[in-house]
Amino acid sequence: MCGIVGATSERRVSDILLEGLKRLEYRGYDSAGLAIIDKNQKLQITRRIGKVQELANAIEASPLDGTTGIAHTRWATHGGVTEANAHPHLSDNEIAVVHNGIIENHETLREQLQALGYVFNSQTDTEVIAHLIHHERKTHGDLLTAVKATARQLEGAYGAVVMDTRNPERLVVARSGSPLVIGVGIGENFVASDQLALLPITRKFIYLEEGDVADINRTNISIFDQNDQPVERQVVESESSYDAGGKGQYRHYMLKEIYEQPIAVRNTLEGRIANDTVLDDAFGKGASELLKTIKHVKIIACGTSYHAGMVASYWLESLANVSCSVEIASEFRYRKSYVRPSSLLVTISQSGETADTLAALRLSKELGYNGSLTICNVATSSMVRESDLAFMTRAGTEIGVASTKAFTTQLTGLLMLTVALGKYQGMSKQQQSAIVSALQTLPTKLEESVSLADELEKLAHEFANKEHSIFLGRGNQYPIAMEGALKLKEISYIHAEAYASGELKHGPLALIDDDMPVIVVAPNNELLEKLKSNVEEVRARGSLMYVFADKNAQFKNDDTLNVLNVCHCDEIIAPIVYTVPLQLLSYYVALVKGTDVDQPRNLAKSVTVE
Ligand code: AGP
């Protein structure tokens with residue numbers, strides 16, 4: 001999704017802004033732009049379709065020299081991918097704006113502004129903001145007051161940064177529904193939609209809250225809350241590693257992040273287990289008070305995080321005696337739902353900023369849940385700040401659009417939640433200890449899983465020319481089959497569908513022929529024999545099968561059956577262990593096909609608009 005970087009400094013800022021944009025590339029975008037105010041107090045702007053490197057090349061050829069500037073990567077929502085639609089947007093060559101989010105009343109505002117004589121050069125909703133600020137500044141005379149007056153008229157979501165040639169060393173920013181962070185420097189200050197953009201230049205951050213407007217110059221930051229009251233927001237020292245933005249020895253971030261899973265899971269477990277059980281405080285200080293009241297869990301999430309929630313529903317109902325329902329956030333937020341007594345609302349999100357999940361969390365506060373918990377990877381995110389409890393997944397920054405280590409650490413956290421809730425619902429000490437022991441083997445088991453990379457690289461060549469594929473799983477491996485299918489389609493663009501194996505004969509079997517590869521996830525559990533029957537049903541119809549199976553499952557390789565032996569593991573953690581070979585398969589298929597693995601077409605890392 002779109003990225004924002006802004007800076008006001010004594011030094012030339014275009015390089016800082018370009019570096020910031022590069023660090024936000026992982027979010028997904030289709031065009032980029034940068035504007036500065038030059039020493040003659042004139043706006044200079046360059047915009048390009050395509051990669052940030054195109055913009056950097058253009059600026060190298062024709063430098064933008066100024067000490068205050070804003071930059072943006074755009075992921076098209078209103079209007080096609082054109083240079084004219086790329087940000088920054090200008091009004092009267094005096095006001096420049098970059099904006100993330102969607103302004104829902106942009107058409108009405110556009111008509112009003114056109115009636116006032118404003119001419120629009122783009123199809124975007126953002127240009128409305130630029131002209132409206134320009135118009136309000138005529139009335140109020142001051143940029144800050146004009147931005148506040150504009151914000152009051154905007155419906156929808158925005159994180160916006162504004163420059164004005166009449167105030168050449170000033171940035172005014174406004175946040176509502178789209179994250180913004182201020183980077184605090186020495187004699188210079190910055191702003192971005194994600195702190196990652198600013199890590200090379202500062203480690204001190206102020207996270208703006210909903211409705212905040214901030215007035216920033218080189219030496220001063222003034223913040224006003226949604227009631228227009230001056231507020232002090234805490235300056236937080238970031239612990240994020242500067243290198244989070246680097247690929248290291250790996251060809252892609254996705255591969256690096258797949259390999260980081262053993263350590264990410266180890267970090268996620270660390271300090272949260274004692275006396276053969278899970279410490280409630282892993283979910284937030286004083287979490288016991290809420291956890292002990294819970295008899296039902298409602299999980300809300302999107303995409304990969306939704307799949308993690310689906311796996312958790314199997315664990316919670318079978319191990320913790322807690323009933324659980326899982327729902328896609330974009331569905332939940334727009335329907336009337338029934339809340340069972342003693343319910344906990346759980347959101348799962350890598351970014352903690354996904355618009356639908358965040359909206360669902362906010363909605364839940366009016367619905368009578370006992371409380372909310374988020375399973376999240378970004379400590380400073382909106383979801384963490386707005387939930388009663390938070391479990392941090394400690395996966396480290398995930399850059400690849402395709403979620404990998406975030407997913408396996410979410411599953412780790414959800415299995416820990418199963419123990420934490422289960423112990424208040426009669427889960428025996430023995431069972432708590434058995435789950436904890438299984439969890440402690442996870443880092444090693446994931447290392448064994450990752451070591452299948454070479455085999456999967458070979459296998460990938462057989463997939464690259466396929467247009468469709470089917471993934472099968474049973475029980476808690478059904479969501480893992482769904483996750484495998486999602487990974488394959490998002491990075492290799494091969495159409496992939498997942499089915500609970502028992503559903504095959506109710507329709508999908510009609511799709512099976514010798515051009516339809518079928519991937520089966522088959523750990524050695526009580527459903528294995530049933531799964532074997534499903535495999536035979538498919539084989540009898542001529543399909544080529546790939547079975548990811550436990551060594552002891554006794555599948556035999558032959559012309560139509562390729563068996564990939566996955567390490568033996570406790571069946572409780574099998575969904576986590578079997579995820580890794582599916583991620584690797586997708587990665588290597590994408591590599592053979594030559595797609596943009598880390599930034600697949602049309603996708604964004606963090607979906608901060610509806
Ligand atoms: C998965 O590979 C995707 N990146 C996507 O489905 C993602 O999981 C979804 O957009 C939810 O994001 P979140 O976890 O940050 O809320």
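Index from 1, following the sequence. These numbers come from the heavy atoms of this one structure, side chains and all, not from hydrogens, waters or symmetry mates. Order of listing sets the numbers, starting from 1, for every ligand and every atom in it.
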**Request:** Check each of E260, Q410, Q583, Q350 against K405 using the side-chain hydrogen bond (donor to acceptor under 3.5 Å, both in side chains) test, and report the only one that passes.
**Result:** E260

**Prompt:** Considering the options I4, D212, I206, D194, which one meets the side-chain contact (heavy atoms from CB on, under 4.5 Å) requirement together with L180?
**Reply:** I4

**Prompt:** In ligand 1, which numbered atoms sit nearer than 4.0 Å to a non-hydrogen atom of V401?
**Reply:** 2 (O), 3 (C), 4 (N)

**Prompt:** Which ligand 1 atoms, with their elements, are less than 4.0 angstrom from a heavy-atom of G303?
**Reply:** 6 (O)

**Complete:** of all protein heavy atoms, closest to atom 11 (C) of ligand 1 is C302 O, 3.4 Å

**Asked** How far apart are the closest heavy atoms of L564 and P581, and which atoms are they?
**Response** CD2-CB, 4.1 Å

**Message:** So that I can tick it off, tell me whether E386 and R362 are bridged by a salt bridge, with the cut-off set at under 4.0 angstrom between side-chain N and carboxylate O.
**Reply:** yes

**Item:** Residue S403 vicinity, atoms of ligand 1 by number, heavy atom under 4.0 Å
**Value:** 1 (C), 2 (O)

**Request:** Tell me, with the steps shown, if T357 and S305 meet side chain to side chain contact (heavy atoms under 4.5 Å, CB included).
**Result:** CA-CA 10 Å; T357 313; S305 298; over 6 Å; no

**Asked** Which atoms of ligand 1 have any heavy atom of T354 under 4.0 Å away?
**Response** 12 (O), 13 (P), 15 (O), 16 (O)

**Message:** Centroid separation under 6.0 Å, is that true for the rings of Y546 and F463?
**Reply:** yes

**Name of the residue among H87, H106, H99 meeting ring-ring contact (aromatic ring centres under 6.0 Å, His included) with H78** = H106

**Message:** If the cut-off is 4.0 Å to any non-hydrogen atom of S305, which atoms of ligand 1 fall inside it?
**Reply:** 8 (O), 13 (P), 14 (O)

**Prompt:** atom 2 (O) of ligand 1: which protein heavy atom is closest, and how many Å away?
**Reply:** E490 OE2, 2.4 Å

**Asked** What part of E353 sits under 4.0 Å from ligand 1 if we count only heavy atoms: the side chain, the backbone, both or neither?
**Response** neither

**Nearest-neighbour protein heavy atom for atom 10 (O) of ligand 1, which is reported as residue plus atom name and distance** = V607 CG2, 4.0 Å

**Message:** Looking only at protein heavy atoms, which one is nearest to atom 5 (C) of ligand 1, and what is the separation?
**Reply:** T304 N, 4.1 Å

**For S349, the ligand 1 atoms whose distance to one of its heavy atoms is below 4.0 Å** = 13 (P), 14 (O), 15 (O), 16 (O)

**Asked** Taking it one step at a time, do N85 and S31 satisfy side chain to side chain contact (heavy atoms under 4.5 Å, CB included)?
**Response** CA-CA 9 Å; N85 285 336; S31 51; over 6 Å; no

**Request:** For atom 15 (O) of ligand 1, state which one of S351, S586, A402, A604 supplies the nearest heavy atom.
**Result:** S351

**Numbered atoms of ligand 1 (with element) below 4.0 Å of K487, judged on heavy atoms** = 1 (C), 2 (O)

**Request:** Output, in order, the C-alpha distance, side-chain angles, deciding distance and verdict of side chain to side chain contact (heavy atoms under 4.5 Å, CB included) for V173 and L208.
**Result:** CA-CA 10 Å; V173 312; L208 292 179; 3.5 Å; yes

